[in-house]
Every structure is written in C-alpha cells, then in structure tokens.
Amino acid sequence: MGNHSNSNWWIWKVFWILLIVTAVEVALGIIKPPFMMEVYFGTKLINHIFIILTLIKAAYIVMEFMHLGQEKKGLKLVILLPALILIPYMLFILLTEGLYASIMI
Amino acid sequence: MSEHKENTPKAWSGGDKPFNASYGKLMMWFFLITDALTFSGFLAAYGWSRFKYPEIWPNPEDVFSHFPFLEGDHPLLFVALMTFILIMSSVTMVLAVNYGHKMQKNKVILWLALTIVGGSIFLLSQAWEWGHFIHGDRGGIDTKTESVVHLAKDNELSSIYDMMGVDSYDGNEYEFTVNQIITSLEENPEYHIRKANREFLTNEQSISYLNENATEVILGANLTRNEYGHRLFADYFYFITGFHGFHVFSGVILLIIILINVIKGTYERRGHYEMVEKVGLYWHFVDLVWVFVFTFFYLV
C-alpha cells in the first residue's frame, strides 16, 4: 500500500479516514435515523453499521499504522488467524448463551 | 557430521529472522495477540450480559452525557473527543517511527514527545470521566426486583437532585431516603418514575410503585451498586476502561523511557530505531482496543 519509507502522505490519508469514519459513527449515534433502528439478525441495523465501520478502522490501524500489510504472508497469517477464528467463535458462544440465559428467566 | 551441520537450517540455531521480522518485533506481536484475546474476552462477556438483560440494561447515552464546561446533555461528544485524541497520538507515533527509519533524531524526539502529550491528555480525560461516573449524575432508586428506576419529568429523564432542589456539585455529600423521595413526589406532581425498561409511570403510579418495591436511594457508582442500572454495568465499565487505561498508562511510561534513550543517543549508536517501532506497535494496539471499546461501550 504505497511507498512507506519516503513520504508521510499515507499517514495523513489514514488519519483522515479514521477521523471521518469516527465522525460518521458519532453523527449516526446522535441522529439515530429511524430506519436504522429496525432489528435484523439479532440487533439493530445501526449496530451492524457501527460494527462494520469499527472493523474498517481496525483494519486501517493494523495494516497501515502497525505495518502488518508489509510483513511476510506467514507473519500476517500467524497474527490474524488466531484473532479471526477465536474471537468470532467466542462471541458466537457467549452471545447465543446470553440469549438463552434471558429466555430461561 | 559436517554434512549434518550443513543440512540443519540456520533458524534452529537462532541465526535467521523468521518471517524476516526481528525477535523483538515477533515477541511484541505475539504478546499483542494474547492481549487482543483478553480484551475480546472482556467485551464478549459484556455482550453476554447485555443479551441476558436486554430490557433493563442502561442506555449509554443516558450515562455518558457530559462535556467539561458545558451545560446540559451532550451524549457521545466527550468520548468522541477522547477517540480523536488517541487517533491523533497514533498518528504522531507513526511519524516518530517513520523518522526513526530515516535516522532523524530530532524529529523522532519531537513526535515522540507529542505522542506522550496525547497519551497524557487521554489519561486525564479518562480520570475526568471516571470522576463523573463515580460521583453520579441523576441518582437512582434500587428496587426489590434488582433493577434501578430513575426520576423523570414530563416523560423525560430527570434527576433526584433536581427534584430535591439541590445541585449535585455544590460540594455537599447528599444522602436521601426512600421516604424523602416519596414525600417529594407527593409534593411535586410533575415528577414521576421511569422504570428500568424505559416505561414511564404516572405520579400516582410512581408513589405506589416506590411504596411497594423501593429499597434504597443510590447516588453514584461503585463496584457493588450503581445508580445507572444493572450492577454488572458499572463493574464492566471499571474493568474494561480501567484495563485499557492501564495499558495507556504503561504505554506512556514506555514512551518516556524510549524518549530518554533517543535523547541520550542510545539508538543512534545502535544504528537503528527498532525499539521505537516496537513500542509503536504497542501504542497502536492501545488505540485499536479503544476503537472497539468506543463502539461496544458507548455507541452500540
């Protein structure tokens, strides 16, 4: 993703992306557009949007600021695979159990 | 014997850099993976509790609605500012790492120092936020059903301090009994109760509800009870933002140590600024965690 050693412009590009995405999140959080408050797949549409925007921010931080995008493929996999497999798995287990726990009461 | 030696990969004797990354950077990455799993454990547990109590879980925007020196409710603004500060300090950190690659000592010093300033401002903001959270804002009334109810006025969330006619920040330590609240509700019919499931009661309903269910008035928050709602809410707040704040604090200490080393010329003599890069990895990770805490604690 660009020539990282010779210039700084890419740093400011990532900064603006992170800033704009955060601003959009805050604006959505304050305005709360009514059509986004409908529930799809277990939670409101607006929450799905927040989560997608957060993952975009996370990808930019890890790939650009932490330079993972420029590391060897093996290192990328070693770092990303445990997180990408274990965290969704844990979320799946805990959130479905949370649902059952509320039903049982 | 000699043939065997030649066939043995150099990596096993510690010669090569696996993945073309140095030992220090690899170990920092491995530490960060484990730390990421710890934080996702915290946030997943938070999600579990929210899914278990979907009706009565506190609304973050009712809890975090203050901004320094501003009157009234400004939900999200202060945490948005904190997020901006942390993103900004991430940018100054990348710049420091970048100038480290170019061996420009003075610019590394400048940007590292600015990163320390950003991290410190973030810590101060968090202290302010914690202070507010502990002191409390509207007050709540605990009930036998273990959900906390709040005072409302004209179907909008109000506060116990308002109804009792005092300012919560006038320096006095206030304590109210359930009977005082009920008497005051009888005298001020414009006030009524909002139940934990956001249902509003009329003034008469509120009085009989409190007579039947109220156990005590809660002002502020600690680990065992809080005025915002479910007891777990404050516990998660303290554990998650506290654990993250501790990471920021450690990061600031690490940054100060390497800043001293940069000024002393340690890395100049070593021939590379890799230590700045390694601490930079940690610093960006702290920013990364905050991005998720911001979403799951304040936005969702």
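All heavy atoms count here, side chains included; hydrogens, waters and symmetry mates do not. Numbered from 1 within each chain, the chains take letters A, B, ... in sequence-line order. Worth saying up front: this structure is predicted, and the values here are computed from it rather than measured.
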Chemist: Can you see which heavy atom on B/Ala21 is nearest to which on A/Leu75, and at what distance?
Modeler: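 That closest heavy-atom pairing would be CB-CD2, 4.1 Å.
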Chemist: Side chains of B/Val91 and A/Trp12: does their closest heavy-atom pair fall under 4.5 Å?
Modeler: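 Yes. Closest side-chain heavy atoms under 4.5 Å.
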Chemist: Quick check on the interface: out of A/Leu68, A/Thr96, A/Thr43, A/Leu91, who has the most heavy-atom pairs with chain B under 4.5 Å?
Modeler: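 The residue among A/Leu68, A/Thr96, A/Thr43, A/Leu91 with the greatest pair count is A/Leu68.
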Chemist: Check each atom of A/Ile30 against the heavy atoms of chain B and say whether the ones under 4.5 Å are side chain, backbone, both or neither.
Modeler: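 The answer is both parts of A/Ile30.
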Chemist: At what distance, to the nearest 0.5 angstrom, does CD of A/Glu71 lie from NZ of B/Lys25?
Modeler: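 Reported value, rounded in 0.5 Å steps: 4.5 Å.
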Chemist: Taking the side chain as everything from C-beta on, heavy atoms only, tell me whether B/Leu299 gets closer than 4.5 Å to A/Ile46.
Modeler: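 Not in contact.
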Chemist: Which heavy atom of B/Ala44 sits nearest to which heavy atom of A/Leu95, and what is that distance?
Modeler: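 Heavy atoms only, the tightest pair is O-CD2, 4.4 Å.
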Chemist: Can you find a heavy atom in the side chain of A/Lys32 that is under 4.5 Å from one in the side chain of B/Glu61?
Modeler: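 Yes - at least one pair of side-chain heavy atoms lies under 4.5 Å apart.
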Chemist: Side chain, backbone, both or neither: which part of B/Phe285 has an atom under 4.5 Å from a heavy atom of chain A?
Modeler: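 Contact with chain A involves both backbone and side-chain atoms of B/Phe285.
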Chemist: With a 4.5 angstrom heavy-atom cut-off, which part of B/Thr83 approaches chain A: side chain, backbone, both or neither?
Modeler: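 The side chain, not the backbone.
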Chemist: Just verifying a value: how many Å separate B/Asn20 CG and A/Gln70 CD, rounded to the nearest 0.5 Å?
Modeler: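 With rounding to 0.5 Å, CG (B/Asn20) is 12.0 Å from CD (A/Gln70).
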Chemist: For the residue pair B/Val291 and A/Ile61, what are the closest heavy atoms and their distance?
Modeler: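 For B/Val291 and A/Ile61, the tightest heavy-atom pair comes out as CG2-CD1, 3.8 Å.
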Chemist: Please report the closest heavy-atom contact between A/Val26 and B/Leu76, naming both atoms and the distance.
Modeler: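 Shortest heavy-atom separation between A/Val26 and B/Leu76 comes out as O-CD1, 3.9 Å.
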Chemist: What heavy-atom pair brings B/Phe19 and A/Lys72 nearest, and what distance separates the two atoms?
Modeler: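 What the structure gives for the nearest pair is O-CG, 3.3 Å.
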Chemist: So, for B/Leu281 and A/Met66, which heavy atoms are closest and what is the spacing to 0.1 Å?
Modeler: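 Closest approach of B/Leu281 to A/Met66: O-CE, 3.3 Å.
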Chemist: Which region of A/Glu25, side chain (C-beta onward) or backbone (N, CA, C, O), has a non-hydrogen atom less than 4.5 Å from a non-hydrogen atom of chain B, or is it both or neither?
Modeler: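 For A/Glu25, the contact with chain B is made by backbone and side chain together.
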Chemist: Parallel under 30°, tilted from 30 to 60°, perpendicular over 60°: which one fits the rings of A/Phe65 and B/His284?
Modeler: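 Taking B/His284 first and then A/Phe65, their aromatic rings sit tilted (interplane angle of 30° to 60°).
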Chemist: Is there side-chain contact between A/Trp10 and B/Val94, with heavy atoms separated by less than 4.5 Å?
Modeler: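 In contact.
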Chemist: Checking heavy atoms, do the side chain of B/Leu95, its backbone, both or neither come under 4.5 Å from chain A?
Modeler: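 When you check distances to chain A, atoms from both the backbone and side chain of B/Leu95 fall under 4.5 Å.
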Chemist: Does B/Phe294 reach the side chain of A/Thr22, with side-chain heavy atoms less than 4.5 Å apart?
Modeler: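 B/Phe294 vs A/Thr22: side chains touch.
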Chemist: Roughly how far, to the nearest 0.5 Å, is the CG atom of B/Asn98 from the CD1 atom of A/Ile11?
Modeler: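 One finds 4.5 Å between CD1 of A/Ile11 and CG of B/Asn98.
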Chemist: What part of B/Phe84 is in contact with chain A, defined as an atom under 4.5 angstrom from a non-hydrogen atom: side chain, backbone, both or neither?
Modeler: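 For B/Phe84, the contact with chain A is made by the side chain alone.
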Chemist: Check whether more than 12 heavy atoms from other residues, nucleotides or ligands sit under 6.0 Å from atom OH of A/Tyr89, and answer yes or no.
Modeler: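 Atom OH in A/Tyr89 is not packed in, count stays at 12 or less.
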Chemist: Using non-hydrogen atoms and a 4.5 Å limit, figure out which bit of B/Leu288 sits close to chain A: side chain, backbone, both or neither.
Modeler: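 Interface part for B/Leu288: both.
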Chemist: Could you check whether atom NZ of A/Lys76 has more than 12 heavy atoms from other residues, nucleotides or ligands sitting under 6.0 Å from it?
Modeler: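 Buried by this count: over 12 neighbours within 6.0 Å.
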Chemist: Determine whether A/Leu19 and B/Ile87 make a side-chain contact, defined as any pair of heavy atoms from C-beta on separated by less than 4.5 Å.
Modeler: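 Side-chain contact under 4.5 Å: no.
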Chemist: Does any heavy atom of chain B fall under 4.5 Å from the side chain of A/Val14, the backbone, both, or neither of them?
Modeler: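 For A/Val14, no heavy atom lies under 4.5 Å from chain B.
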